[in-house]
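Because the structure is predicted, anything quoted here is derived from the model rather than measured.
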Amino acid sequence: MRGLTWALMAAKVEVGRTYQSQTRVEEWMTAEKAGNKGVDVLATPMLMQLIEEAAVQCLLPILSKDEVTLGSYVELTHLAPTPVGLIVRTEVEVIGVDGRRVNFAVTAFDEREKIAEGTHERYIIERSRFLKNLEEKQS
């Protein structure tokens, strides 16, 4: 039955599905706040978080109540700095689906230029199975 479940799930995730979000860079999101003194620009880990959030939101409408996605891989080139106050637009596009694995092309822009590009991979899994595995690991 599990194979059938994954086949049905994969059928609803289509290559070409997109999502984009916009976020204003705030002081707490900077490299300075992450420990890189004197660098008041969007921190790379925060940029990765924006990308992950966009990928999650891209898939959320097509997940069942017992499905979640987990990130497994990110390849990101941070091309340009973004100062506090500018808006970052994050775009994700599904470029591949292999069973429960979903691959995205990712790009990010500030109000002036492209600031990042890369790929991101997520797996769609059963929430109950994930929680059971997590509980076993904690005991």
Side-chain angles (χ1 to χ4, degrees):
M1 181 67 173
R2 180 171 287 160
L4 178 60
T5 301
W6 290 123
L8 292 172
M9 179 278 308
K12 62 185 174 182
V13 180
E14 297 182 10
V15 170
R17 183 177 183 81
T18 63
Y19 184 86
Q20 67 174 261
S21 62
Q22 293 188 12
T23 305
R24 185 174 304 279
V25 176
E26 298 180 25
E27 191 71 34
W28 64 269
M29 302 166 75
T30 64
E32 164 81 24
K33 295 298 183 190
N36 194 354
K37 300 297 178 199
V39 184
D40 285 322
V41 298
L42 178 64
T44 302
M46 286 304 307
L47 178 58
M48 287 176 42
Q49 181 176 336
L50 295 175
I51 287 167
E52 185 159 347
E53 288 173 1
V56 167
Q57 292 302 314
C58 183
L59 296 176
L60 193 60
I62 60 175
L63 298 179
S64 74
K65 287 185 178 185
D66 191 45
E67 290 176 324
V68 295
T69 66
L70 298 176
S72 58
Y73 181 78
V74 176
E75 182 176 302
L76 185 67
T77 303
H78 197 162
L79 301 166
T82 302
V84 172
L86 289 189
I87 294 173
V88 172
R89 184 178 79 247
T90 307
E91 301 176 354
V92 298
E93 178 181 359
V94 174
I95 57 170
V97 180
D98 182 13
R100 57 192 183 104
R101 183 175 62 196
V102 182
N103 291 297
F104 295 88
V106 300
T107 52
F109 303 84
D110 64 21
E111 297 170 52
R112 309 267 191 279
E113 62 189 329
K114 181 191 279 190
I115 62 166
E117 61 188 7
T119 59
H120 179 43
E121 178 181 270
R122 300 190 72 74
Y123 279 83
I124 299 175
I125 65 163
E126 296 170 8
R127 179 188 317 268
S128 56
R129 185 173 175 207
F130 171 72
L131 294 175
K132 180 181 178 216
N133 290 341
L134 184 59
E135 186 178 301
E136 289 173 2
K137 188 172 186 175
Q138 291 174 325
S139 53

Side chain [X], main chain [Y], donor-acceptor under 3.5 Å:
X      : Y      : result
Glu93  : Thr18  : no
Glu67  : Ile125 : no
Arg24  : Leu86  : no
Asp110 : Glu113 : yes

Spacing of [X] atom [atom1] and [Y] atom [atom2] [to the nearest 0.5 Å]:
X      : Y      : atom1 : atom2 : result
Lys12  : Arg17  : NZ    : CZ    : 10.0 Å
Asn103 : His120 : CG    : NE2   : 9.5 Å
Thr90  : Phe109 : OG1   : CZ    : 10.0 Å
Thr69  : Arg127 : OG1   : CZ    : 9.5 Å
Glu117 : His78  : CD    : NE2   : 12.0 Å

Handout entry: No-hydrogen, no-angle side-chain donor-acceptor test under 3.5 Å, Glu121 and Ser72
Key = yes
Practice task
Taking atom types as modelled, find out whether Gln57 and Glu53 have a side-chain donor-acceptor pair closer than 3.5 angstrom.
Solution key: no
Test item: [X] and [Y] side chains (from C-beta on) under 4.5 Å apart, heavy atoms:
X     : Y      : value
Tyr73 : Thr119 : yes
Leu76 : Leu47  : yes
Val84 : Thr30  : yes

Exercise for the section: Could you tell me whether Glu135 atom CD has more than 12 heavy atoms of other residues or ligands within 6.0 Å of it? Expected result: no
Exercise for the section: In sequence, state the C-alpha distance, the side-chain angles, and the governing distance for Glu91 and Arg89, and then conclude on salt bridge (Lys or Arg N to Asp or Glu O under 4.0 Å). Expected result: CA-CA 7 Å; Glu91 301 176 354; Arg89 184 178 79 247; 2.7 Å; yes
Handout entry: CA sep, side-chain torsions, deciding dist, call: Phe130, Asp66, side-chain contact (heavy atoms from CB on, under 4.5 Å)
Key = CA-CA 10 Å; Phe130 171 72; Asp66 191 45; over 6 Å; no
